[in-house]
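Report on one structure; see the data block that follows.
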Amino acid sequence: MDVLSSRVLIHPRDHEVSTAFYRDVLGLAIEREFPGGTRFFAGGGSIEVVGTGEEGPGPDVNLFLQVRDLPATLSELAGRGVEPVREARREPWGTDEAWIADPDGLRIVLVEVPEDHPLRRDKR
């Protein structure tokens, strides 16, 4: 399989509320807008808020967003009214993670790869 691009599709219960969350609260840049949806840049992939859903997210699906500075990100989000679902902590595999949730309860895992972690590629 030769994957050319990737994106996560989110079908929110309230399209306007979720679009505002990803745009204004998380501060993601808009990649593309189209009738019934908005696609946001998310690192090497995209998050698309499209249409509406009925059931909301299940507990077994998480959105994973790697950030450069987890404490700064959490502070910025707190200023926008976002409280963690789970506070930041170092995981047994060595990454620092905190959980937040979107308006429908989709768990968003915010991850920082510590500078000395073997996965770290960007030395900035």
Point-to-point distance, once rounded to the nearest 0.5 Å, from [atom1] of [X] to [atom2] of [Y]:
X: Glu83; Y: Ile100; atom1: CD; atom2: CD1; result: 11.0 Å
X: Arg7; Y: Arg32; atom1: CZ; atom2: CZ; result: 8.0 Å
X: Thr19; Y: Asp14; atom1: OG1; atom2: CG; result: 8.5 Å

Exercise for the section: Look at Glu91 together with Arg86 and state whether they make a salt bridge at an N to O cut-off of under 4.0 Å. Expected result: yes
Exercise for the section: Begin with the C-alpha distance, continue with both residues' side-chain angles, and end with the deciding distance and a verdict on side-chain contact (heavy atoms from CB on, under 4.5 Å) for Ile30 and Phe40. Expected result: CA-CA 4 Å; Ile30 294 174; Phe40 297 94; 3.8 Å; yes
Which heavy atom of [X] sits nearest a heavy atom of [Y], and at what distance?
X: Gln66; Y: Val113; result: NE2-CG2, 3.4 Å
X: Asp104; Y: Arg13; result: OD2-N, 2.9 Å
X: Gly36; Y: His15; result: O-CE1, 3.3 Å
X: Arg80; Y: Asp24; result: CD-O, 3.8 Å
X: Val82; Y: Val25; result: CG2-CG1, 3.2 Å

Problem - Joint hydrophobic cluster, Val109 plus Ile10, side-chain heavy atoms closer than 4.5 Å - result: no
Practice task
Treat each ILVMFWY residue as a node, draw an edge where side-chain heavy atoms are under 4.5 Å apart, and state whether Val17 and Tyr22 are in one component.
Solution key: no
Close side-chain approach of [X] to [Y], heavy-atom, < 4.5 Å:
X: Leu26; Y: Phe21; value: yes
X: Arg90; Y: Pro114; value: yes
X: Ile47; Y: Leu65; value: yes
X: Pro57; Y: Arg107; value: no
X: Asp102; Y: Leu63; value: no

Practice task
Using side chain to side chain contact (heavy atoms under 4.5 Å, CB included) as the criterion, point out the one residue from Thr52, Val49, Val50 that pairs with His11.
Solution key: Val50
Problem - Side-chain donor or acceptor of Ser75 paired with backbone N/O of Pro71 under 3.5 Å - result: no
